[in-house]
Amino acid sequence: MKISAKSRYALAALIKIGLGGDEKSVAILYLSENLGVSKIYLEQVFSLLKRGNIVVSTKGAGGGYQLSRPMHEITVYDILLAIEIPLFEKTAETVADKAPNIEFTLQSEVFKKLDVIIPETLKKITLGSLVTKAEQHGNDGGMYYI
């Protein structure tokens, strides 16, 4: 399974936000500088996250993005679904016309099982658990507000 750069950056940025606490508003520029990711690219990512109800935005001084709900209620599945819609589409038939027995076997023994296992696994991993794991692996400099 290959996860796009947008999804990987979304996960990293959301962990960074989570390290500052559920209710902190974080500017894209801060995330861009701390993660080494283009500000314009992160704006595209956060547009998708906002549409997926993962984050909410605040305008004005001290504005930015914050989580839409507690980080322990946001799953990796929720995040990837906001970014990776094709990841969760059913696998198309491959050789159904010429080899229906092979197609049946592929669908029943591989693709249908993956369609169940992948979402189940991603729903078990919360943003909160990722933040906790990141905290256990050292201080990343933290967030400082003036």
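All values below come from the heavy atoms of this structure, side chains included, with hydrogens, waters and symmetry mates left out.
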Nearest heavy atoms of [X] and [Y], plus distance in Å:
{"X": "Ile83", "Y": "Val45", "value": "CD1-O, 3.9 Å"}
{"X": "Ser38", "Y": "Ser32", "value": "C-OG, 3.8 Å"}
{"X": "Gly52", "Y": "Ala82", "value": "CA-CB, 4.0 Å"}
{"X": "Gly63", "Y": "Ser25", "value": "C-OG, 3.5 Å"}

Gap separating the [atom1] atom of [X] from the [atom2] atom of [Y], nearest 0.5 angstrom:
{"X": "His72", "Y": "Leu67", "atom1": "NE2", "atom2": "CG", "value": "10.5 Å"}
{"X": "Glu73", "Y": "Leu127", "atom1": "CD", "atom2": "CG", "value": "11.5 Å"}
{"X": "Tyr65", "Y": "Lys50", "atom1": "OH", "atom2": "NZ", "value": "6.0 Å"}
{"X": "Ile17", "Y": "Leu49", "atom1": "CD1", "atom2": "CG", "value": "8.0 Å"}
{"X": "Ile28", "Y": "Leu31", "atom1": "CD1", "atom2": "CG", "value": "5.5 Å"}
{"X": "Leu11", "Y": "Ile125", "atom1": "CG", "atom2": "CD1", "value": "9.5 Å"}

TODO: State yes or no: do Leu35 and Leu29 share one hydrophobic cluster built from I, L, V, M, F, W and Y residues joined by side-chain heavy-atom distances below 4.5 Å, directly or via other members?
DONE: no

Task: Transitive ILVMFWY side-chain link Val26 to Val56, under 4.5 Å - done: no

Open item on the list: Phe104: which residues meet the ring-ring contact (aromatic ring centres under 6.0 Å, His included) condition with it, sequence neighbours left out?
Closed with: none

Sidechain-backbone polar pair: [X] side chain, [Y] backbone, donor-acceptor under 3.5 Å:
{"X": "Glu84", "Y": "Ile3", "answer": "no"}
{"X": "Thr126", "Y": "Ile74", "answer": "no"}
{"X": "Thr132", "Y": "Gly128", "answer": "yes"}
{"X": "Arg69", "Y": "Val55", "answer": "no"}
{"X": "Asp78", "Y": "Thr75", "answer": "yes"}
{"X": "Tyr41", "Y": "Lys6", "answer": "yes"}
{"X": "Ser68", "Y": "Ile54", "answer": "yes"}

Open item on the list: Test of understanding: with salt bridge (Lys or Arg N to Asp or Glu O under 4.0 Å), list the residues that count as partners of Glu33, not counting sequence neighbours.
Closed with: none

For residues 112-123, tabulate all N or O donor-acceptor pairs below 3.5 Å that involve a side-chain atom, not counting sequence neighbours.
from   : atom 1 : to     : atom 2 : distance (Å)
Lys113 : NZ     : Glu109 : OE1    : 3.0
Thr121 : OG1    : Ile117 : O      : 2.9

